[in-house]
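Everything numeric here is computed off the predicted structure, so don't read it as measured data. We count ligands from 1, going down the list as the structure has it; atoms in each ligand are counted the same way. In what follows, residues are counted from 1 in the order of the sequence shown.
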Amino acid sequence: MLACSELSFSYNSQKTFNFPSFSCEKGQTLLILGNSGTGKTTLLHLLALLLQPKSGSIQIKEHELAHLSAKEAAQMRANHLGIVYQKSHFVSSLSVLDNLLLANYLADQNQSKEQALKLAQNLGFADLLDKKTTLLSGGEQQRVSIARALMNNPDVILADEPTSNLDDENCEKVVQLLENQSKNIGAALVIVTHDHRLKNINKNIITL
Ligand SMILES: Nc1ncnc2c1ncn2[C@@H]1O[C@H](COP(=O)(O)OP(=O)(O)OP(=O)(O)O)[C@@H](O)[C@H]1O
């Protein structure tokens, strides 16, 4: 589903990041572990098509994505990638439901209240759909972010440090939610993190 080989990237002439090659299949979870400053966010931004690599390849379903135009990258991102950012970035004037439907709208897809309700039920926040996102707790916001990332049935889900602010119990719960939901829609799940607790949960690991 997702395959990256020999990706390299530089912000400037002083340093080049050379990332290990990896792949992640449908229904699988890949953990990208690394300490602060090792380039985790940089790699995530490459996979999210927000940065372009200096060299190497990024393929989803065998389509090469490493050197798309900004417009093509935005279309690809909206339709094939689900991104769970570390901070939620909701539109605060909209309800939880409308924030979910916005993901469909931005990907030029039909707005599916049915899909939003199904995800809200699976993730346990169906009673919050009419609330403004500012009224939600941190944990509730995180579950809504996961649902938002799944609204367009992406092929690949990218999660940026999804457990860094959570206690052990919630850490395990959030990873399980992400894994179950990705399996449900047949997506590959890539988690980028410095949280070594996830080593115990996951077998497919690359370390930066
Ligand atoms: N826009 C930028 N311009 C120049 N250097 C940058 C830029 N963004 C990040 N860097 C540098 O690249 C290195 C890797 O940064 P990155 O954010 O990818 O690391 P990280 O592993 O995600 O770290 P952390 O866990 O602390 O967030 C750091 O040394 C950082 O200072």
With the 4.5 Å side-chain cut-off for hydrophobic clustering, are L136 and L177 part of the same group? yes
Counting both backbone and side chain atoms, is some N or O of T42 under 3.5 Å from an N or O of ligand 1? yes
Can you tell which part of V192 has a heavy atom less than 4.0 Å from ligand 1: side chain, backbone, both or neither? neither
Using the ring of each side chain (for Trp, its six-membered ring), is F17 parallel, tilted or perpendicular to F19, with breaks at 30° and 60°? parallel
For ligand 1, is G39 a contact, meaning one of its heavy atoms is under 4.0 Å away? yes
How far is atom 10 (N) of ligand 1 from the closest protein heavy atom, and which atom is that? Y11 CE1, 3.5 Å
Return the residue, atom name and 0.1 Å-rounded distance of the protein heavy atom closest to atom 25 (O) of ligand 1. K40 NZ, 2.7 Å
When you check the side-chain N and O atoms of N35 and H194, is any donor under 3.5 Å from an acceptor? no
Within this structure, what is the CG-CG distance for the pair L2 and L158, rounded to the nearest 0.5 Å? 7.5 Å
Is K40 close to D160 at the side-chain level, that is, under 4.5 Å between some pair of heavy atoms? no
May I ask you to identify the nearest protein heavy atom to atom 24 (P) of ligand 1, giving residue, atom name and distance to one decimal place in Å? S36 OG, 3.7 Å
In terms of side-chain heavy atoms, does T163 have a donor or acceptor partner in D195 at a distance below 3.5 Å? yes
Q52 atom CD, neighbour heavy-atom count above 12 within 6.0 Å: yes
Is any N or O atom of G37, backbone or side chain, closer than 3.5 Å to an N or O atom of ligand 1? yes
Considering the heavy atoms of F17, write down every atom of ligand 1 situated less than 4.0 Å from one of them. 12 (O), 13 (C), 14 (C)
Is there a protein heavy atom less than 4.0 Å away from atom 1 (N) of ligand 1? yes
When rounded to the nearest 0.5 angstrom, what is the spacing between CG in L100 and NZ in K113? 12.0 Å
Specify whether the nearest protein heavy atom to atom 13 (C) of ligand 1 is under 4.0 angstrom away. yes
Honestly curious: do L44 and I157 fall in one hydrophobic cluster under the side-chain, below-4.5 Å linking rule? no
Atom 22 (O) of ligand 1: the protein heavy-atom neighbour that sits closest, reported with distance to 0.1 Å: T41 OG1, 2.7 Å
Could you list which atoms of ligand 1 come closer than 4.0 Å to a heavy atom of N35? 21 (O)
Below 3.5 angstrom, do we get any N/O pair linking T38 and ligand 1? yes
